[in-house]
There are 2 protein chains.
Amino acid sequence: MALLRGAWTAEIIWCLSAGPRRFGELRADLPSITAKVLTERLRHLESKGIIQRLPIPTSPPSVEYKLTVIGAKFLPAIHAIAKVGDELKFGMPDSEADLNEY
Amino acid sequence: MALLRGAWTAEIIWCLSAGPRRFGELRADLPSITAKVLTERLRHLESKGIIQRLPIPTSPPSVEYKLTVIGAKFLPAIHAIAKVGDELKFGMPDSEADLNEY
DNA sequence: CAGTATCCATTTCGATACTG
DNA sequence: CAGTATCGAAATGGATACTG
């Protein structure tokens with residue numbers, strides 16, 4: 001949890017789960033994140049070894065971010081979280097949810 | 001993620017996954033949480049419908065907290081998170097982790 | 001036992017403006 | 001394009017002391 005801390009963190013990992021992505025693409029994926037916060041989160045995740053930053057020396061410059069092997073280990077957890085989110089947002093079709101009190 | 005926000009939140013749900021638990025028991029489970037923060041988290045989780053608070057009119061008074069049906073939906077996600085945590089702390093025995101770059 | 005009441009430090013977020 | 005610089009607001013966390 002300490003590693004997933006902070007707004008957007010899980011969402012960023014989610015976005016990178018489909019493959020490497022550039023800074024601008026991440027901004028587009030996360031419509032309401034600011035450049036400042038995105039940079040903060042990316043730097044944080046990088047410092048924890050969860051993502052890797054790869055500057056590509058083109059002009060204009062571009063930078064790619066990708067999950068590391070360590071970062072990929074979070075995917076099952078992120079998917080599980082996303083699944084709960086969906087269930088709570090849309091409900092489960094043909095649910096038996098209320099049949100068994102926990 | 002918004003619902004799991006805050007330190008201790010996931011740990012509290014984890015503690016309640018084995019069954020109802022009283023305030024004092026939760027404090028014992030989470031050795032370094034303060035009463036104030038525990039109360040805050042419990043009230044928050046209650047307001048989101050994730051746990052239920054059941055005062056038991058004894059003397060001295062005791063209060064039980066338990067997961068709601070909604071709260072139980074978080075368990076797969078919490079377990080997945082816990083699993084990653086273990087992997088990162090102790091490493092996977094006989095790992096093939098590094099064979100496939102993500 | 002199960003909390004409240006204060007106070008304070010730190011972290012985090014967001015908006016806006018600017019740059020190599 | 002991919003950031004950085006500032007600033008202020010808000011959320012969060014922790015310590016300590018007190019209570020019905």
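If you're wondering where the values come from, they're calculated on a predicted model, not measured in any experiment.
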* To do: Whole angstrom is fine here: how far is it from CZ in R21(A) over to C1' in dA2(D)?
  => 16 Å
* Asked: Would you call K36(A) and T39(A) a side-chain contact if the rule is heavy atoms closer than 4.5 Å?
  -> no
* To do: Look at the side-chain N and O atoms of Y65(B) and state whether any lies under 4.0 Å from the OP1 or OP2 oxygen of dC1(C).
  => no
* Asked: Taking only N and O in the side chain of R53(B), is any of them less than 4.0 Å away from OP1 or OP2 of dA2(C)?
  -> no
* Under 3.5 Å donor-acceptor, S59(A) side chain and P61(A) backbone -> no
Tabulate atom names and distances for all N/O pairs under 3.5 angstrom spanning the protein and nucleotides 12-17 of chain C.
| unit_1 | atom_1 | unit_2 | atom_2 | d |
| --- | --- | --- | --- | --- |
| dC13(C) | OP1 | A7(A) | N | 2.3 |
| dC13(C) | OP2 | R41(A) | NH2 | 3.2 |
| dC13(C) | N4 | K36(A) | NZ | 3.2 |
| dG14(C) | OP2 | W8(A) | NE1 | 3.2 |
| dG14(C) | N7 | K36(A) | NZ | 3.1 |
| dG14(C) | O6 | K36(A) | NZ | 2.2 |

* Asked: Expressed in angstrom and rounded to an integer, what is the separation of L4(B) atom CG from dT12(D) atom C1'?
  -> 16 Å
* Could you tell me whether the phosphate oxygens of dG3(C), OP1 or OP2, come under 4.0 Å of any side-chain nitrogen or oxygen in R22(B)? => no
* Structure fact -> Of dC1(D), dG3(C), dC1(C), the nucleotide closest to the side chain of P60(B) is dC1(C)
* Find out whether L3(A) and T9(A) are in side-chain contact, i.e. whether some heavy atom of one side chain is under 4.5 Å from a heavy atom of the other. => no
* To do: Mind calculating the distance between CZ (F23(B)) and P (dC1(C)) to the nearest angstrom?
  => 11 Å
* **Distance in angstrom units between R27(B) CZ and dA15(D) C1', rounded** => 13 Å
* **Note, D29(B) side chain near I12(B) side chain (heavy atom, < 4.5 Å)** => no
* To the nearest Å, give me how far apart CG (L42(B)) and P (dC1(C)) are. => 16 Å
* To do: Could you tell me whether the side chain of L38(A) reaches within less than 4.5 Å of the side chain of W8(A), counting heavy atoms only?
  => no
* To do: Tell me, please, which residues at least two apart from H79(B) pass ring-ring contact (aromatic ring centres under 6.0 Å, His included).
  => W14(B)
* To do: Please step through side chain to side chain contact (heavy atoms under 4.5 Å, CB included) for the pair F23(A) and L42(A), ending with a clear verdict.
  => CA-CA 9 Å; F23(A) 189 85; L42(A) 289 171; 3.8 Å; yes
* Dot-bracket line, read 5' to 3' along DNA chain D, where crossing pairs take [ ] and | marks a partner on another strand, Watson-Crick or G-U under 3.5 Å -> ||||||||||||||||||||
* Expressed in angstrom and rounded to an integer, what is the separation of E25(B) atom CD from dG3(C) atom C1'? -> 16 Å
* Asked: In whole Å, what is the span from the CD atom of E64(A) to the C1' atom of dG3(D)?
  -> 17 Å
* Structure fact -> Rounded to whole Å, the CG-P distance (L38(B) to dG3(C)) equals 8 Å
* To do: State, with a plain yes or no, whether a side-chain heavy atom of L4(B) is found less than 4.5 Å away from one of I13(B).
  => yes
